[in-house]
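Some notes on the structure that comes next.
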Amino acid sequence: MTVRRLAVFDMDGTLLDSLPDLAESCRELLAFYGLPALSDTMIRTMIGRGVAVLVSKALAAARSLVGERAPVVDEAEAAARFMTLYMPRLTRLSRLFPGAEDALRALRDAGWELAVCTNKPEAAAREILHALDVADLFVAVGGGDSFAVKKPDPAHLLGTIAMAHGQADRSVMVGDMPPDWLAAEGAGCPFVYAAWGYGQQPPEGGQWQAGSMAEVPALLETILPV
């Protein structure tokens, strides 16, 4: 029996415009430590490698603005504090990108299975999908804490594919950041660059790119025909 085709989506910057809530949570965290606020534009460049990296980069950037007067901050404690700030506001301002829900439903109607592979903690990712009424569309959610590794390690993507009962050669990864395409490359999956997302530029030599979620269903049909 042929394994069904699987479309695997990154979350932040691909399915979800989460920058407003992530940025507000970062600014609340920085204020707690007496550090200056960072702009959405600055924080946007820090998203994609998980909470610990986001918090570390935000602290470093804010501390650099203060100089020698910057307080010493335990980054593990700061990451935990960030999650206490972020969890209550996961979808206060965050929304699916335009056309995302229609694209997901079109893929399902065409026989694709859908999964999420995100460096965001799994509980947060699932709560967001439920809040936005699209959780039922996905057969698997591989979060940043679902496995021993996270993107760009291909084992994160391969683990998500296994959760979805898929195969790497019957799967396509859609994402906007280097961790996404590096994981896809390592897993042996085709990759579609989400040009509407938070990434600064597509991968060198990338074969496929979509300008919006509305373009994704037709492009995926080209990459993996029935």
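Residue numbers count from 1 along this sequence.
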*Rounded to the nearest 0.5 Å, how far does CG of L19 lie from OG1 of T41?*
8.0 Å
*Measure across R89 and S25 and return the closest heavy-atom pair with its distance rounded to 0.1 Å.*
CD-OG, 3.4 Å
*Starting at CG of L157, measure out to OG of S171 and round the result to the nearest 0.5 Å.*
7.5 Å
_Separation of F138 CZ from T160 OG1 (nearest 0.5 Å)_ = 12.0 Å
*asked:* Can you list everything that forms a side chain to side chain donor-acceptor pair (under 3.5 Å) with R44? Sequence neighbours excluded, please.
replied: none
*Can you name the residues that form a side chain to side chain donor-acceptor pair (under 3.5 Å) with D40, not counting sequence neighbours?*
R27
*Determine whether W208 and F97 fall in the same hydrophobic cluster, where Ile, Leu, Val, Met, Phe, Trp and Tyr are linked whenever their side-chain heavy atoms lie under 4.5 Å apart.*
yes
*Go through the structure and list residues passing salt bridge (Lys or Arg N to Asp or Glu O under 4.0 Å) with R95, not counting sequence neighbours.*
none
*Hey, are D21 and R92 close enough for a salt bridge, meaning a charged N less than 4.0 Å from a carboxylate O?*
no
*Side chain S146, main chain G143, donor-acceptor under 3.5 Å*: yes
*asked:* Whether the side chain of Q200 engages the backbone of Y198 through a donor-acceptor N/O pair (distance < 3.5 Å, no angle test) should be reported.
replied: yes
*Could R5 and E221 be called an ion pair, given the rule that one side-chain N must be under 4.0 Å from one carboxylate O?*
yes
*Hey, could you give me the CZ/OG distance between R49 and S56, rounded to the nearest 0.5 Å?*
12.5 Å
*Pairing residues for E185 by the salt bridge (Lys or Arg N to Asp or Glu O under 4.0 Å) criterion, not counting sequence neighbours*: none
*Looking only at heavy atoms, what is the nearest atom pair of I161 and C189, with distance?*
CD1-SG, 3.7 Å
_R170: salt bridge (Lys or Arg N to Asp or Glu O under 4.0 Å) partners, not counting sequence neighbours_ = none
*Quick one: list whatever passes side chain to side chain donor-acceptor pair (under 3.5 Å) with D176, sequence neighbours left out.*
T14
